[in-house]
**Q** 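Following this message is one structure expressed as C-alpha cells.
Values below: all heavy atoms of this structure, side chains included; hydrogens, waters and symmetry mates excluded.
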Amino acid sequence: MTNQNRILLTWISFLSYALTGSLIIVTGIVMGDIAKYFDLPISSMSNTFTFLNTGILISIFLNVWLMEIVPLKRQLIFGFILMLLAILGLIFGHNLAIFSGCMFVLGVVSGITMSIGTYLITHIYDGKQRGSRLLFTDSFFSMAGMIFPVISAAVLAHHMQWYWVYAAIGVIYLAIFLLALISTFPVLGKDAPQETTTNEPKEKWGLGVLFLAIAALCYILGQLGFISWIPEYATQKLGLSISDASQLVSYFWGAYMIGMWIFSVLLKKFDLHYFVVVLSGLATVLMYLFNKDTDPHNLIYIISALGFISSAIYTTIITLGSQQTKVSSPKLVNFILLCGTIGTMLTFVVTSPIVKNYGAHAALVTANGLYAAVFVMCILVGFVTKHRINGHADSH
C-alpha cells in the first residue's frame, strides 16, 4: 500500500467518526426546534430519535457480513446517495413518518461508515501504532461534539430552519465521498488475497474477545449513564444552577478530548493490557470519589481527572480485541464495536427506571458499578490474552 493511499484511508476513518459524533451530539440541541416544527411535545419527539440510534446499531451489526459481500468503496458511494436523499427528505418532507425514516437512514449510513472507518485503521496499522491511531480517530467523534453544537446554535440563532444543521453534517460525508473516489480499498471476502483468507476463518477468537466485548458494553453504558444524569443530580441534590451543572459535563468532555490527544502518543510506550487495567481501575476510583463528594469545587477537579483518564479506555479495549488474532478481523472489530453501541442503546432503558425509583444519585452509583465491571473484565483478559503471542505487543 502506498503512503498516499494510507493517508487517504486514514482521513476517511477520521471523518467517519466525526460524522457519527455530529449526528448523535446535535440531537439535544435541535430537538426543541423540531418538536415546535411538528407541533409535538418534546417528550414524544425524543422517541423519534430512537430511529437514528437503531439505524446505527443495525448497520454496525449487518456490516460484519456486508463488508465481505459489498466492496468498501461501493458502500461509501452508495452511502453518499442515501445521505443526500435523507437530507432532501428532511428539507422537503413535512411529515413525521418521513422524518423518522430519514433519521433511520442517517443512522444506517453513519453506522456503516463508522464500522468501515474502524476496520480501515485496524487493517492499515499494527501493534501499538494501531492503538494510538484508533485513539486519534476516536477523538474526531469528540471534536465533532465540540464543533457542531456551535454550528447548530449559529444556525438556530439566525432563525434558519433546523434541517440546515443536517445539511452542514452532510458536508462531512461529501468529503468522505470525494476521498473514497480517489482511494484504493483493501479487498475482503472471496476476492481477498489468499494469505489473508487462509488463516482468518480458522483462527479462534478466544475468551479474551468475550471479556473485552463485555467490557466495551459496560464502559459505554456506564459512561453515558453517568454523564446523562449529572445535571439532574447536581441541580436536585447539590443545589447547583443548571449552568453550573452543565459546566461539570463540559469539564468532563474537555478533559476527555485532551486525554485522547495525549494518550494517542503515550499508548505506543506501554503494553496495552497493563495500560487498560490501570486506566479502568483509576477511573473507577475517581467516579467513586465524585459520587461521595458534595463540594462543587472538588467535583470540578474530580470530573476533569475522570474525563482525562477515561478517554483512552474504549479505544484500548477495541485495539486489544483486534490483536487477539494474528490477522485483524473485521468481524471481530465490529463485534466489539457493536457491543459498545448496544451500551449506547441501553443507556436510558437501564438508568431511567433506577432514577424514577431511587433518584439520580443511584444512576451514578450504578455507573460506578459498571466501571468496576470493566476493571474486572480487563483483569480477566490478562489470563487469556493472545496479543503478546500474536506479536502485537512489541510492534511500533
**Q** Below 6.0 angstrom between ring centroids: does that apply to Phe99 and Phe51?
**A** no
**Q** Are the side chains of Met103 and Thr54 in touch, meaning some heavy atoms are under 4.5 Å apart?
**A** no
**Q** Closer than 3.5 angstrom, by distance alone: can the side chain of Thr385 be matched with the main-chain N or O of Gly382 as a donor-acceptor pair?
**A** no
**Q** Could you tell me whether the side chain of Asn95 and the main chain of Ile98 form a donor-acceptor pair under 3.5 Å?
**A** yes
**Q** Backbone N or O of Pro353 within a donor-acceptor pair of the Asn357 side chain at under 3.5 Å?
**A** yes
**Q** Taking Ser183's backbone N and O only, do any of them form a donor-acceptor pair with Lys73's side chain (distance below 3.5 Å, no angle check)?
**A** yes
**Q** Looking at His273 and Val381, would you say the former's side chain and the latter's main chain have a donor-acceptor pair under 3.5 Å?
**A** no
**Q** Would you call Thr325 and Leu332 a side-chain contact if the rule is heavy atoms closer than 4.5 Å?
**A** yes
**Q** With heavy-atom distances below 4.5 Å as the criterion, would you say the side chains of Leu40 and Ile34 are in contact?
**A** no
**Q** With side chains defined as the heavy atoms from C-beta onward, is the minimum distance between Ile317 and Val374 less than 4.5 Å?
**A** yes
**Q** Met114 versus Ser59: any side-chain heavy-atom pair under 4.5 Å?
**A** no
**Q** Can you check whether Ala154's main-chain N or O pairs, donor with acceptor, with His158's side chain at less than 3.5 Å?
**A** yes
**Q** Measure the shortest side-chain to side-chain distance between Ser16 and Ile116 over non-hydrogen atoms and say whether it is less than 4.5 angstrom.
**A** no
**Q** In sequence, state the C-alpha distance, the side-chain angles, and the governing distance for Phe226 and Phe290, and then conclude on ring-ring contact (aromatic ring centres under 6.0 Å, His included).
**A** CA-CA 11 Å; Phe226 179 74; Phe290 184 93; 5.3 Å; yes
**Q** Run the side-chain contact (heavy atoms from CB on, under 4.5 Å) check on Ser310 and Tyr219 step by step: do they pass?
**A** CA-CA 9 Å; Ser310 296; Tyr219 173 73; 3.5 Å; yes
**Q** Phe308 and ring pair (Phe, Tyr, Trp, His ring centres under 6.0 Å): which single residue from Tyr251, Phe263, Phe252, Trp253 fits?
**A** Phe263
**Q** How about Tyr173 and Ser110: does a side-chain donor come under 3.5 Å of a side-chain acceptor?
**A** no
**Q** For Phe38 and His94, I'd like to know if the aromatic rings sit close, meaning centre-to-centre distance below 6.0 Å.
**A** no
**Q** side-chain contact (heavy atoms from CB on, under 4.5 Å) for Leu248 and Leu240? Distances and angles first, verdict last.
**A** CA-CA 10 Å; Leu248 285 173; Leu240 298 185; 4.1 Å; yes
**Q** Find out if a path of hydrophobic residues (ILVMFWY) with successive side-chain heavy-atom gaps under 4.5 Å connects Leu174 to Tyr163.
**A** yes
**Q** Answer yes or no: is there a donor N or O on one side and an acceptor on the other, between the side chain of Ser115 and the main chain of Asn63, under 3.5 Å?
**A** no
**Q** For the backbone of Tyr288 and the side chain of Asn368, can you confirm whether one donor and one acceptor N or O come within less than 3.5 Å of each other?
**A** yes
**Q** Under 4.5 Å between side-chain heavy atoms, hopping through other hydrophobics if needed: is there a path connecting Leu85 to Val108?
**A** no
**Q** Sub-3.5 Å donor-acceptor pair from the side chain of Asn291 to the main-chain atoms of Leu364, do we have one?
**A** yes
**Q** Are Phe140 and Tyr17 an aromatic pair by the rule of ring centers under 6.0 Å?
**A** no
**Q** Is any side-chain heavy atom of His123 closer than 4.5 Å to one of Phe185?
**A** no
**Q** When you measure from the side chain of Asp33 to the backbone of Trp162, do you find a donor-acceptor pair of N or O atoms at a distance under 3.5 Å?
**A** no
